[in-house]
Amino acid sequence: MTRRSLLVLLLFIPFALNAQKALTLRDAVLKAGTDFAPERLRGLQWIEGAANYSYVKDDKLMRGTLGKSVDTSILDVAGLNASIADSTKLKALPPMEWLSPSRVRFFHNGRYHTYDLGAKTTTPVQLPEGAEDDDFEPTTGNIAFTEENDLYIRSGANGNVVRVTTDGADGIVNGKSVHRQEYGITKGTFWSPKGERLAFYRMDETMVSPYFLEDISTKPSTFEKIRYPMAGGTSHHVTVGIHDMATGKKVYLKTGEPLDQYLTNISWSSDARHVHVVHLDRKTENLKLVRYDASTGDPLATLLEEHDAKYLEPQHPAHFLK
C-alpha cells in the first residue's frame, strides 16, 4: 500500500465511524427485530402426560419432541377464536396450561376455558365475581377458590359449588397462603394426586395486632387493615384441614404445639391416604417432616429431622417416587 492510499484510508475511517448509529441499551436488548435482540421462546413448558413440549412462535402454539424431530404447529389464534362463543375475541395466544396431551386451559374475558385439540371445541367455566386463589384440579375439573376468607369448591362435573369452610372472618383466613409466603409457601390449597381430597391452610391471626396502610391511589385515600406480628409480639396460628370430596367431611391435622410453629411444604402420597407436612420452629433451627393420616388427622411417623444452629429454610415439598 502506498503512502497516498494509506492517508486516504486514515481520513475515511472517522467519517465511517461517525456515520454509524450509536447503539443504545433499548436497541440492543428490548427492541424486537434487531440483530442484537435476544431470541425469545414464549410459553415453553412440558405437555402434561406426554414426553413432549410446547412453546409459542409467530403466534402459533408449537409442539415438539425430544430429539431431532421437526416441531409442528397445533393451534393458532384464528382456530382458538373459532371455538370461543364470546363476542370478545383473542388478539393473541394467551398463556396456556396443559391438562392432558389433548387439552389446554386458558383465561379469557373473566372465564376459564378448556380447549380440546381433537374436537376443536372450548368449554368455558365461570367462577363467582369475587373468586380468588383459584386452584384447578386437572383430573376432575374441580376448582378450589376463596371468597372473602372462606374456601369453596366448584364441581367440574355439574358446576355446583360446595362451601368447605364457614368460619372465615376478620382474622380467620381459609384456603390462602400463610406465614407471609415464606419457606416455599405460594398458595393455600393442595389437591391430592387424583383430586379425591383437598388439603388447605387455616390461619387464625385474631391475636395479632392490626395496622392500617394508606392507599393514596384512591380519592380520597383509603386504608387497608393488615395484621403483622412485630418482633417479640404474638404470632398467628396455622392449621391444615383435609376435605374429602366423596363424603364432604373435613378433618384437621393434629399438628400439636407450639401453635405458632411454621407448617410448610405440604405434599401427598400417591394413594392420597397420607399427607406430609414440614414443621419448622420459630427460630428456624429445627425441622421435621411428619406423615399424617388424611382420614383422621393423626400423626403417623416423623420421616426425617434436621437441625442447623444458623438457620433452616425449607423450600420444596417431598416427592415420592414410584
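Keep in mind that the numbers below use all heavy atoms, side chains included, and drop hydrogens, waters and symmetry copies.
By the 6.0 Å and 45° rule, Arg42 does not stack over the aromatic ring of Tyr55.
Under the 4.5 Å side-chain heavy-atom criterion for Ile, Leu, Val, Met, Phe, Trp and Tyr, Ile185 and Tyr262 are members of distinct hydrophobic clusters.
Note: Ser54 OG to Ile74 CD1 = 6.5 Å, rounded to the nearest 0.5 Å.
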- Message: Could you go through His307 and Asn286, starting from their C-alpha distance and side-chain angles, then the distance that decides it, and tell me whether this counts as side-chain hydrogen bond (donor to acceptor under 3.5 Å, both in side chains)?
- Response: CA-CA 5 Å; His307 169 77; Asn286 302 282; 2.7 Å; yes
- Task: Evaluate the criterion salt bridge (Lys or Arg N to Asp or Glu O under 4.0 Å) for residue pair Asp71 and Arg63; output intermediate values, then yes/no.
- Result: CA-CA 6 Å; Asp71 296 352; Arg63 177 167 56 198; over 6 Å; no
- Run the numbers on Arg197 and Asp244 for salt bridge (Lys or Arg N to Asp or Glu O under 4.0 Å), then give the verdict. CA-CA 5 Å; Arg197 290 179 166 130; Asp244 190 297; 3.2 Å; yes
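No more than 12 heavy atoms of other residues, nucleotides or ligands sit less than 6.0 Å from atom CD of Glu148. Annotation: Ile216, atom CD1; neighbour count of heavy atoms from other residues, nucleotides and ligands within 6.0 Å does not exceed 12. More than 12 heavy atoms of other shown residues, nucleotides or ligands fall within 6.0 angstrom of atom NZ in Lys187. Within 6.0 Å of the CG atom in Asp58, the count of heavy atoms belonging to other residues, nucleotides or ligands does not exceed 12.
Under the 30°/60° scheme for interplanar angles, the aromatic rings of Phe106 and His113 are found to lie parallel.
Checked by atom type, the side-chain pair Asn174/Asp167 shows a donor-acceptor distance below 3.5 Å. Asp271 and Ser269 share a side-chain donor-acceptor pair at under 3.5 Å. Looking at Arg105 and Thr122, their side chains never bring a donor and an acceptor atom within 3.5 Å of each other. Side-chain atoms of Lys176 and Thr146 include a donor-acceptor pair closer than 3.5 Å. Between the side chains of Ser235 and Arg282, at least one donor-acceptor pair of N or O atoms lies under 3.5 Å. For the residue pair Ser155 / Asn160, no side-chain donor-acceptor distance below 3.5 Å is found, with atom types taken as modelled. A side-chain N or O of Glu214 and one of Ser221 form a donor-acceptor pair less than 3.5 Å apart.
Separation of the Phe145 and Tyr152 ring centroids falls under the 6.0 Å cut-off. Aromatic rings from Tyr201 and Phe190 are positioned such that their centres are separated by under 6.0 Å.
Put simply, the side chain of Leu312 reaches to within 4.5 Å of the side chain of Leu280, judged on heavy atoms. For the pair Glu48/Ser100, no side-chain contact is recorded, criterion being any heavy-atom separation below 4.5 Å from C-beta on. At a threshold of 4.5 Å between non-hydrogen side-chain atoms, the residues Leu75 and Met96 count as touching.
When each of Ile242, Ile266, Val240, Thr255 is checked for a side chain to side chain contact (heavy atoms under 4.5 Å, CB included) with Tyr292, only Thr255 meets the rule.
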